[in-house]
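For ligands, and for the atoms within them, numbers begin at 1 and follow the listed sequence.
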Amino acid sequence: MDVNREVQEKLVGFQPKLIVNQPGHYCPGCQYGVLTRLLAEVIEELGIEGDIIGVSAVGCSIFIHSYLDIDFIDALHGRAPEVASGVKAANFGKKIVFTLQGDGDLAAIGMGDLINAMARGEHLTTIFLNNANYGTTGGQMAPTTLIGQKSTTTPHGRRDDVEGYPIHVAELVTSLQNVVYSARCAMNTVKNVNQTKKALAKAMRIQMQGLGYGFVEVLSACPSGWKMSPMDSLEWIEEKMIAEYPLGVFKDETDEAAEL
Ligand SMILES: Cc1ncc(C[n+]2csc(CCOP(=O)(O)OP(=O)(O)O)c2C)c(N)n1
Ligand code: SF4
Ligand SMILES: [Mg+2]
């Protein structure tokens, strides 16, 4: 083992085998990278690296296939749940299939796709990265943009009487019978990162057990879209985002404890 690697392992622990080392697409302070690492750890710990297929969406979620060494397919904007349904069926239900979607992708153009995949009774896992804006395209308002939040399309702040209200997707999907688990997590603190990992693992286990649909919303920093420093972004999540989008488990029909 070279000296740098040994020092790195002492400081931050091991690097999961499934992480691909190459120059990154993500902006400094972006938390897609944290989520990628968590997924690598969860997939390795569950031992499903050869049995899982990811469906990435249009948005910064698409970059994950460069860094996570599992099978991936990219879906058109909003269509990830349909593509995932097809992938699951084509593999006779034998693969674990998940979607990774941003808030513009999932809650704007793709909301109907998600709801109908859940209503059809699909056994899938959706990971919903909510960064309260369209990050990829430069920071436009998304359905999850907070009231008062400035974006390139709401330069004076989102107004409820003009642009309407934020959508709380983790709560919304609980009304669908086939949804077995719905939780909201965040990645702005170590404690919240650890809780996110647990929720991701649980949503995967639910699919492995054939119980139904698992949904995990993850509040995530987009310093570029928000025009903030990475550190300010973490504080903004704590002070503003979690106030609008409380963390917790909103539905859990498994036999396991429902805490995050
Ligand atoms: C049909 C279609 N409409 C619009 C776009 C442009 N577009 C690309 S990414 C994106 C929004 C992405 O926002 P989000 O899903 O929140 O992703 P993130 O913030 O993670 O980048 C849009 C509107 C597109 N690629 N295809
Ligand atoms: S635009 Fe936002 S979501 Fe996309 S890589 Fe940059 S910080 Fe991450
Ligand atoms: Mg977004």
Side-chain angles (χ1 to χ4, degrees), residues 19-20 22-39 54-68 72-84 98-115 117 126-146 149-154 158 163-164 166-170 172-173 184-188 193 196 200 215-237 240-242 244-245:
I19 291 288
V20 180
Q22 60 168 314
H25 295 85
Y26 302 131
C27 310
C30 177
Q31 295 191 305
Y32 267 110
V34 179
L35 187 63
T36 304
R37 163 146 191 156
L38 292 181
L39 275 169
V55 183
S56 55
V58 168
C60 293
S61 70
I62 204 165
F63 300 133
I64 193 171
H65 60 204
S66 303
Y67 311 115
L68 185 58
F72 267 105
I73 184 164
D74 299 327
L76 290 177
H77 212 0
R79 304 291 98 90
E82 322 305 55
V83 172
F98 73 93
T99 71
L100 173 62
Q101 300 175 257
D103 44 357
D105 183 86
L106 180 146
I109 196 169
M111 185 64 101
D113 307 73
L114 177 74
I115 299 293
T126 286
I127 304 161
F128 170 44
L129 187 137
N130 177 0
N131 59 15
N133 80 150
Y134 289 10
T136 322
T137 43
Q140 294 85 1
M141 191 195 90
T144 52
T145 296
L146 307 186
Q149 182 183 339
K150 290 184 180 163
S151 70
T152 55
T153 45
T154 55
R158 181 177 184 168
E163 287 95 11
I167 302 180
H168 296 73
V169 186
L172 181 74
V173 299
R184 182 181 296 113
C185 317
M187 298 188 291
N188 63 320
V193 168
T196 301
L200 294 173
F215 182 84
V216 182
E217 177 172 338
V218 187
L219 306 183
S220 183
C222 178
S224 298
W226 299 350
K227 321 281 187 268
M228 275 182 215
S229 71
M231 291 309 287
D232 287 350
S233 300
L234 299 182
E235 274 176 37
W236 194 79
I237 291 177
K240 304 282 187 193
M241 274 192 99
I242 295 177
E244 175 70 34
Y245 298 113

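- Of all the atoms in ligand 1, the ones that sit under 4.0 Å from a non-hydrogen atom of Asp105 are 14 (P), 15 (O).
- The protein heavy-atom contact nearest to atom 2 (Fe) of ligand 2 is Cys222 SG, 2.3 Å.
- Heavy-atom proximity to Gly102, at under 4.0 Å, picks out these atoms of ligand 1: 15 (O), 16 (O).
- Under the side chain to side chain contact (heavy atoms under 4.5 Å, CB included) rule, Val55 has a single partner from Asp74, Thr126, Leu100, Val83, which is Val83.
- Contact annotation: Tyr134 places no N, O or S atom under 2.8 Å from the Mg ion (ligand 3).
- For atom 21 (O) of ligand 1, the nearest non-hydrogen atom from the set Asn133, Leu129, Ile109, Thr136 comes from Thr136.
- Closest to atom 5 (S) of ligand 2 among all protein heavy atoms lies Cys27 N, 3.5 Å.
- Close contacts of ligand 2 with Gly135, meaning ligand atoms under 4.0 Å from a residue heavy atom, involve 1 (S).
- Looking only at side-chain heavy atoms (C-beta outward), Tyr134 and Thr152 stay at 4.5 Å or farther from each other.
- Using a 4.0 Å cut-off to heavy atoms of Cys60, the atoms of ligand 1 that qualify are 18 (P), 20 (O), 21 (O).
- With hydrogens and angles disregarded, no donor-acceptor distance shorter than 3.5 Å links the side chain of Trp226 to the backbone of Ala132.
- Tested against Leu35, the residues Val216, Leu68, Leu200 include a single side chain to side chain contact (heavy atoms under 4.5 Å, CB included) partner, Leu200.
- With a 4.5 Å cut-off on side-chain heavy atoms, Leu38 and Val218 do not count as touching.
- Closest to atom 4 (C) of ligand 1, if we only count protein heavy atoms, is His77 CD2, 3.5 Å.
- For Gly135, a nitrogen or oxygen atom sits less than 3.5 Å from a nitrogen or oxygen atom of ligand 1, counting backbone and side chain alike.
- Each of the atoms 5 (S) of ligand 2 lies under 4.0 Å from some heavy atom of Tyr26.
- Taking 2.8 Å as the threshold, Asn131 counts as a candidate ligand of the Mg ion (ligand 3), since one of its N, O or S atoms lies below it.
- Two residues are said to be in side-chain contact when any heavy atoms from C-beta on lie closer than 4.5 Å; Ile127 and Leu129 fail this criterion.
- Scanning the protein heavy atoms around atom 17 (O) of ligand 1, the nearest turns out to be Gly59 CA, 3.8 Å.
- Nearest to atom 20 (O) of ligand 1 among the protein's heavy atoms is Tyr32 OH, 2.5 Å.
- The shortest distance between side-chain heavy atoms of Leu146 and Tyr245 falls below 4.5 Å.
- Among the backbone and side-chain atoms of Cys60, an N, O or S atom lies under 2.8 Å from atom 4 (Fe) of ligand 2.
- With contacts defined as side-chain heavy-atom distances shorter than 4.5 Å, the pair Gln149/Met141 does not qualify.
- For atom 3 (S) of ligand 2, the nearest non-hydrogen atom of the protein is Asn131 ND2, 3.5 Å.
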Between Arg184 and His168, is a side chain to side chain contact (heavy atoms under 4.5 Å, CB included) present by the stated rule, with each step listed?
CA-CA 10 Å; Arg184 182 181 296 113; His168 296 73; 3.9 Å; yes
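- The proximity of Thr137 to ligand 1, defined as any non-hydrogen pair under 4.0 Å, is limited to the side chain.
- The closest protein non-hydrogen atom to atom 7 (S) of ligand 2 is Cys30 CB, 3.5 Å.
- Sorting the N, O or S atoms of Asp103 by how far they are from the Mg ion (ligand 3) puts OD1 first.
- In Tyr32, the part holding a heavy atom less than 4.0 Å from any atom of ligand 2 is the side chain.
- Here the side chains of Ile64 and Leu39 are in contact, with some heavy-atom distance below 4.5 Å.
- Aromatic rings of Tyr32 and His25 (six-membered ring for Trp) have centroids beyond the 6.0 Å cut-off, not under it.
- At least one N or O atom of Asn131 sits closer than 3.5 Å to an N or O atom of ligand 1.
- In this structure, Val169 and Leu106 have side chains that are in contact, with non-hydrogen atoms separated by less than 4.5 Å.
- Annotation: atom 8 (C) of ligand 1 to nearest protein heavy atom, Val58 CG1, 3.4 Å.
- Of the protein's non-hydrogen atoms, Gly104 N, 3.4 Å is the one closest to atom 14 (P) of ligand 1.
- Looking only at side-chain heavy atoms (C-beta outward), Phe128 and Thr144 come within less than 4.5 Å of each other.
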